Amino acid sequence: MNILKYTSTCFLELLFPRTCIVCNKKLFDSENYLCLKCLLQLPRLNLHGQEGNRMEQLFYGRVPIEKAAAYFEFRKGSNYQKVIHHLKYKGQKGIGEFMGERFGAELKTSDYLSNADIVCPVPLHPKREKQRGYNQSYHIAVGLARQLEKPLNTSNLKRKIFTNTQTRKSRIERWQNVDGIFDISSSSEFEGKHIILVDDVVTTGATIEACSQAILKKCNAKISVLSLAIA
């Protein structure tokens, strides 16, 4: 049976070779999604080692955020835009868990957010999630929660209003697009907790701000933010 499975795997590999989502070169058996070269060249930011970093500054005067960090920098037109593109639009949700785990492993070595209680992905509206088939932020959160050894909460924070995509909107339009669209089902689930909100890409911070306001409006909680990338 093992020989048959191995033969089938080799045959599929010939027909549909696994390739790096950044450079398109064939992956070795030990590699996933990105080849070792592209993985090492990922534009990581190490914001978790910088107090008052650029991502934390996004929220100054807007909403109280304990800590904020992103794994890498997102630039339109760069090769690493493909990581987000494949995660959000190509159905490769496994990239989210893979990258979330790698980010979480880096955070864990510095004891970053060790005092947090819950990992909570930014939710999609059910209509959007049905269209896409999954919530990409959820899969990033799964990888992070696994590495940080924190419970995952996916049921309390809700997106109650369907809105258009944030892509190509200005800062003001982004805020108007998410104003008042989030809510929590139970204040007791978040009361007194330190919550890690997880998003795929933070651009203006409008979505995180709206989520945070929905939480803080109903309960006394602390909020930190992790994202796969910052634009």
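Given the structure is predicted, the values throughout are model-derived calculations rather than measurements. Residue numbers run from 1 in the order of the sequence given.
Nearest heavy atoms, F182 versus A214: O-CB, 3.5 Å. In this structure, I21 and Q92 approach most closely via the heavy-atom pair CG2-OE1, 4.1 Å. Scanning all heavy atoms of the two residues, the minimum distance from S137 to D200 falls at OG-N, 3.4 Å. Shown here for M55 and A68, the closest heavy-atom pair between the two residues is CG-CB, 3.8 Å. The two residues F74 and K76 make their nearest non-hydrogen contact at CE2-CG, 4.0 Å. In plain terms, the two heavy atoms of E191 and N220 that are nearest each other are OE1-N, 3.1 Å.
Counting heavy atoms from C-beta outward, Y33 and H86 have side chains that stay 4.5 Å or more apart. For the pair L148/L107, a side-chain contact is recorded, criterion being any heavy-atom separation below 4.5 Å from C-beta on. Y71 has its side chain out of reach of I140: every pair of non-hydrogen atoms, C-beta onward, lies at least 4.5 Å apart. Looking only at side-chain heavy atoms (C-beta outward), V122 and R159 come within less than 4.5 Å of each other. In this structure, I196 and I118 have side chains that are not in contact, with every pair of non-hydrogen atoms separated by 4.5 Å or more. Considering only heavy atoms from C-beta on, V22 stays 4.5 Å or farther from C35 through its side chain. Y134 places none of its side-chain heavy atoms less than 4.5 Å from the side chain of E129. Side-chain contact between R54 and L47 is present, with heavy atoms from C-beta onward closer than 4.5 Å.
Between the side chain of Q213 and the backbone N or O of A210, no donor-acceptor pair lies under 3.5 Å. In terms of modelled atom types and a separation under 3.5 Å, the side chain of R102 and the main chain of F98 share no donor-acceptor contact. Between the side chain of R18 and the backbone N or O of F28 there is at least one donor-acceptor pair closer than 3.5 Å. At distances below 3.5 Å, at least one donor-acceptor pair connects side-chain atoms of N53 with backbone N or O atoms of E56.
No continuous path of ILVMFWY side-chain contacts below 4.5 Å connects V198 to V63, so the two sit in separate hydrophobic clusters. Residues V83 and L27 are members of separate hydrophobic clusters, defined by side-chain heavy-atom contacts under 4.5 angstrom among Ile, Leu, Val, Met, Phe, Trp and Tyr. Y60 and I208 fall into different hydrophobic clusters, defined by Ile, Leu, Val, Met, Phe, Trp and Tyr side-chain heavy atoms under 4.5 Å apart, directly or through other members. Residues L197 and Y138 do not share a hydrophobic cluster, defined by chaining ILVMFWY side chains whose heavy atoms lie under 4.5 Å apart. At a threshold of 4.5 Å between side-chain heavy atoms, the hydrophobic network of Ile, Leu, Val, Met, Phe, Trp and Tyr places L45 and L39 in two separate groups.
Separation of atoms CG (L40) and NZ (K37) is listed at 10.5 Å; rounding is to 0.5 Å. Atom CE of M99 sits about 6.0 Å away from atom CG of L34, to the nearest 0.5 Å. Here CD of Q131 is found 10.0 Å from CG of L124. Values are rounded to the nearest 0.5 Å. In this structure, the separation between CG on L216 and OG on S187 is 12.5 Å, given to the nearest 0.5 Å. Taken from CD in E73 to CD1 in I230, the straight-line distance is 8.0 Å, to the nearest 0.5 Å. With rounding to the nearest 0.5 angstrom, the CG atom of L144 is 9.5 Å from the CG atom of L113.
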N79 vs C23, side-chain contact (heavy atoms from CB on, under 4.5 Å): CA-CA, chis, key distance, verdict: CA-CA 8 Å; N79 283 339; C23 69; over 6 Å; no
Residue pair D117, I195: steps toward the side-chain contact (heavy atoms from CB on, under 4.5 Å) verdict: CA-CA 6 Å; D117 300 298; I195 304 155; over 6 Å; no
Test log, rule salt bridge (Lys or Arg N to Asp or Glu O under 4.0 Å), inputs D183 and K217: CA-CA 9 Å; D183 199 4; K217 184 178 179 180; over 6 Å; no
CA sep, side-chain torsions, deciding dist, call: C120, F190, side-chain contact (heavy atoms from CB on, under 4.5 Å): CA-CA 10 Å; C120 177; F190 285 168; 4.2 Å; yes
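Heavy atoms from other residues, nucleotides or ligands lying under 6.0 Å from CZ of R75 number 12 at most. Heavy atoms from other residues, nucleotides or ligands lying under 6.0 Å from NZ of K90 number 12 at most. Applying the 6.0 Å contact sphere to CD of E51 captures no more than 12 heavy atoms from other residues, nucleotides or ligands.
Between E149 and K108, at least one side-chain N (NZ, or NE/NH1/NH2) sits under 4.0 Å from a carboxylate O, which counts as a salt bridge. A salt bridge is defined here as a Lys NZ or Arg NE, NH1 or NH2 lying under 4.0 Å from an Asp or Glu carboxylate O, and R44 with E106 meets this definition.
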Please tabulate, for side-chain N and O atoms in residues 221-228, each donor-acceptor pair with protein atoms closer than 3.5 Å (sequence neighbours left out).
{"from": "S224", "atom 1": "OG", "to": "K67", "atom 2": "N", "distance (Å)": "3.2"}
{"from": "S224", "atom 1": "OG", "to": "H194", "atom 2": "NE2", "distance (Å)": "2.8"}
{"from": "S227", "atom 1": "OG", "to": "A229", "atom 2": "O", "distance (Å)": "2.9"}

Hey, can you pull the donor-acceptor pairs under 3.5 Å for the side chains in residues 150-157, sequence neighbours left out?
{"from": "K150", "atom 1": "NZ", "to": "S114", "atom 2": "O", "distance (Å)": "2.6"}
{"from": "K150", "atom 1": "NZ", "to": "A116", "atom 2": "O", "distance (Å)": "2.9"}
{"from": "N153", "atom 1": "OD1", "to": "S155", "atom 2": "N", "distance (Å)": "3.3"}
{"from": "N153", "atom 1": "OD1", "to": "N156", "atom 2": "N", "distance (Å)": "3.1"}
{"from": "N153", "atom 1": "ND2", "to": "E189", "atom 2": "OE1", "distance (Å)": "2.9"}
{"from": "N156", "atom 1": "OD1", "to": "S185", "atom 2": "N", "distance (Å)": "3.2"}
{"from": "N156", "atom 1": "OD1", "to": "S186", "atom 2": "N", "distance (Å)": "2.7"}
{"from": "N156", "atom 1": "ND2", "to": "S186", "atom 2": "O", "distance (Å)": "2.9"}

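Using the six-membered ring where Trp is involved, H125 and F162 have ring planes that are perpendicular, over 60° apart on the 30 and 60° scheme.
Judged as a ring-ring contact (aromatic ring centres under 6.0 Å, His included), and not counting sequence neighbours, the contacts of Y112 are H48.
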